[in-house]
Engineer: 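This is the structure I have questions about; it appears just below.
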Amino acid sequence: MAQISLQNLRKIYPNGFEAVQPTNFDIADGEFVVLVGPSGCGKSTLLRMVAGLEDITEGSLSINGRQVNNVDPADRDIAMVFQNYALYPHMTVRKNIGYGLKNRKTAPAEIEAKVQEAAKMLNLVEYLDRKPSQLSGGQRQRVAMGRAVVRDPALFLFDEPLSNLDAKLRHQMRIEIKSLQRRLGVTSIYVTHDQVEAMTMADRIIVLNGGQIEQIGTPAEIYHAPASTFVASFMGAPPMNLVEGRLDTGQVMIGDGIALGNAEGTGPVTVGIRPEDVELNDQGSLMFTVDLVEELGAHRLLHGRLAGQPFTVHVGKEVVVGAGDAAVNIKPDSIRLFDVETGAAR
Amino acid sequence: MTDISQDPHATPARRIKWGRVLDHAILIVGSLFMLIPLLVVLQTTTTTDIETIKNGPELLIGTQFDDNFMKAMFKASGFSGENTGTSMLINSMILGLGFALGKIVIGMMAAYALVYFRLRFATFAFWLIFTTLLLPLEVRILPSYEIAQKLSLLNTYTGLIVPLIASATATFFFRQYFRSVPEELVEAARIDGAGPVKFFIDILVPLSQTMIAAMFIIMFVFGWNQYLWPTMVTTEEGMYTLVRGIKQLTQDLEGTNIPEYGRANMLALIAILPPVAVVIFFQSWFVKGLTESDK
């Protein structure tokens, strides 16, 4: 169990590239934090700095109040699960899981007991004598988890652990990892580029872009009140609709004077509307032109144009619409305004 | 190869594939070309020297095999009486094994340092090692001999083996192999608390098994067949290796002695066997090591 604190943590590679701009955040004991962002945003670098696999250029990293900037990865009391599992190919599952304990001079009987316990927890008991090459992707993933769990570390680090699995297995492992983390109550940092994983697993999400933090918040906060157009378009599938509008006489206007709601100020503004915050309504004041209907079973996505700008609307499976014009309403209080220049929320 | 898609009951008109016949003809001619000298050697070991001198190689298989074998293995040919076939076989074995193991150990450790440690000028160091391929023993034999002599390593196993074991080839192969080992493995090991030595012994060496086996074959045969260096370094007959001992026998053929064809050929035969055994034993590993990576 541990609290993690990052103060002005910064990474500059020898070639001068600043992978992580000075970053500050704290992680509470037992919290599951997901770092999410597009590839190259610095999320893996940040994780690897916490792990000790990457040198920290500036700033301070502490685990449980102890500064660990220069502590060897083995002595940070962490465990890490890698994207490609990084199992030792020549060792059996039993030895893979027990290797970390063996290096820490644990007694053989105790290693065996702990390995058994971890294997039971992860449904690996019958595979203990197999080599990694004889296991399926999901089982290998579980062995990697076992290797992390068995050491009873203060902090779990996950580096895109599910991206090598197929969609169905990924869904299942997502739930397994989350429930395991709940049960053990170990503080965790999880890196992913998949916003669905971030939304479903996190206690708190940290959205990164271009080496800096865009927003920190609970999944609900991130989803409903994105701090920038980047977060708005990155989180959620389909992403939030962003249309060009302006503020005029206390109104948010788009197109040729279509009012969406009330807001103070003047000048151009980016208007963000979640696709599900729009409803089809014959009495609706807005005209939405449907170009394409995407059938997803449980619901449908209508892709088209609103006031001449690309727009997506999310409707339930009971709503039947074809291509053409449809009147829509936007739910009250559901529009978000962003600065046109900076993309920051207003 | 068996064609499992074919119905065994159907009898398709078998066409003779001339391309395949030609392939086999080439292979057969090739193997005869390799085998006949060996068969001549084998034949000669079964007859007496006088018969060989009178009739040359024959199709006849004689009765002297045992006799020639005893002479080859246990009779000394030099003055001191120490260079029997047995002692030469042992010396060759020590040279072959020491040469192969030494090259593997040195090559692996050099490659490990080059690949896994952030050394300054690591690439430069590697190319420096690599260029020694251009300087085989024959080029540097005089300075090498001088050093061995000054360190009083003449007529010792150390002198026979150590000057030969620095190996650019092994370093090169192991370097390429280590570079293909995924980096996460090192990182996982670091987090698991394995230091550099542990990682090398627990992870890298077992992973390199097939590569080690492949290197062992090449290097053992290479070491076994060393001729020039052992000739230079060993002057005591007790230190002679098989390859140079056979030469000693053919020197005896000059002069008025009865040439010992049977014995010399028997020794040649014995000299062939260990490398062949090593190749046969490690063959499947060898192919694996060079083609597939078990990661």
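Protein chains get the first letters and strands the later ones, always in sequence-line order, with residue 1 at the start of each. Computed from a prediction, not measured in an experiment: that's the story for all the values here.
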Engineer: Quick one: do B:Asp192 and A:Lys102 make a salt bridge, cutoff under 4.0 Å?
Structural biologist: no

Engineer: Kindly indicate whether the side chain of B:Asp202, heavy atoms from C-beta on, has any atom under 4.5 Å from the side chain of A:Tyr88.
Structural biologist: no

Engineer: Using non-hydrogen atoms and a 4.5 Å limit, figure out which bit of A:Lys131 sits close to chain B: side chain, backbone, both or neither.
Structural biologist: neither

Engineer: With side-chain contact (heavy atoms from CB on, under 4.5 Å) as the criterion, how do B:Gln209 and A:His90 come out once you've worked through the C-alpha distance, each side chain's angles and the decisive distance to 0.1 Å?
Structural biologist: CA-CA 10 Å; B:Gln209 271 179 356; A:His90 59 290; over 6 Å; no

Engineer: Minimum heavy-atom separation for B:Glu184 and A:Phe82, please, with both atom names.
Structural biologist: CG-CD2, 3.5 Å

Engineer: Under a 4.5 Å heavy-atom cut-off, does chain B meet the side chain of A:Arg76, its backbone, both or neither?
Structural biologist: neither

Engineer: Tell me if the CZ atom of B:Phe222 is crowded by more than 12 foreign heavy atoms within 6.0 Å.
Structural biologist: no

Engineer: Tell me, do B:Ile191 and A:Arg151 make a side-chain contact under 4.5 Å, heavy atoms counted?
Structural biologist: yes

Engineer: Give me the atom names and distance for the closest heavy-atom approach of B:Gly193 to A:Arg104.
Structural biologist: N-NH1, 4.0 Å

Engineer: Heavy-atom distances under 4.5 Å only: say whether A:Ala79 touches chain B with side chain, backbone, both or neither.
Structural biologist: backbone

Engineer: Tell me whether the count of non-hydrogen atoms from other residues, nucleotides or ligands lying under 6.0 Å of OH in A:Tyr13 goes above 12.
Structural biologist: yes

Engineer: A quick test of your reading: do over 12 heavy atoms of other residues, nucleotides or ligands sit less than 6.0 Å from CZ of B:Phe117?
Structural biologist: yes

Engineer: For A:Leu87, is it the side chain, the backbone, both, or neither that has a heavy atom closer than 4.5 Å to a heavy atom of chain B?
Structural biologist: backbone

Engineer: Give a yes or no on whether A:Lys95 atom NZ has more than 12 heavy-atom contacts from other residues, nucleotides or ligands under 6.0 Å away.
Structural biologist: no

Engineer: Identify the heavy atoms of A:Pro89 and B:Leu207 that sit nearest to each other, and give their distance.
Structural biologist: CG-CD2, 3.4 Å

Engineer: Compare every heavy atom of A:Ala74 with every heavy atom of B:Arg190, then report the nearest pair and how far apart it is.
Structural biologist: O-CB, 3.3 Å

Engineer: Kindly check if the number of other-residue, nucleotide or ligand heavy atoms within 6.0 Å of CD (A:Gln67) is above 12?
Structural biologist: yes

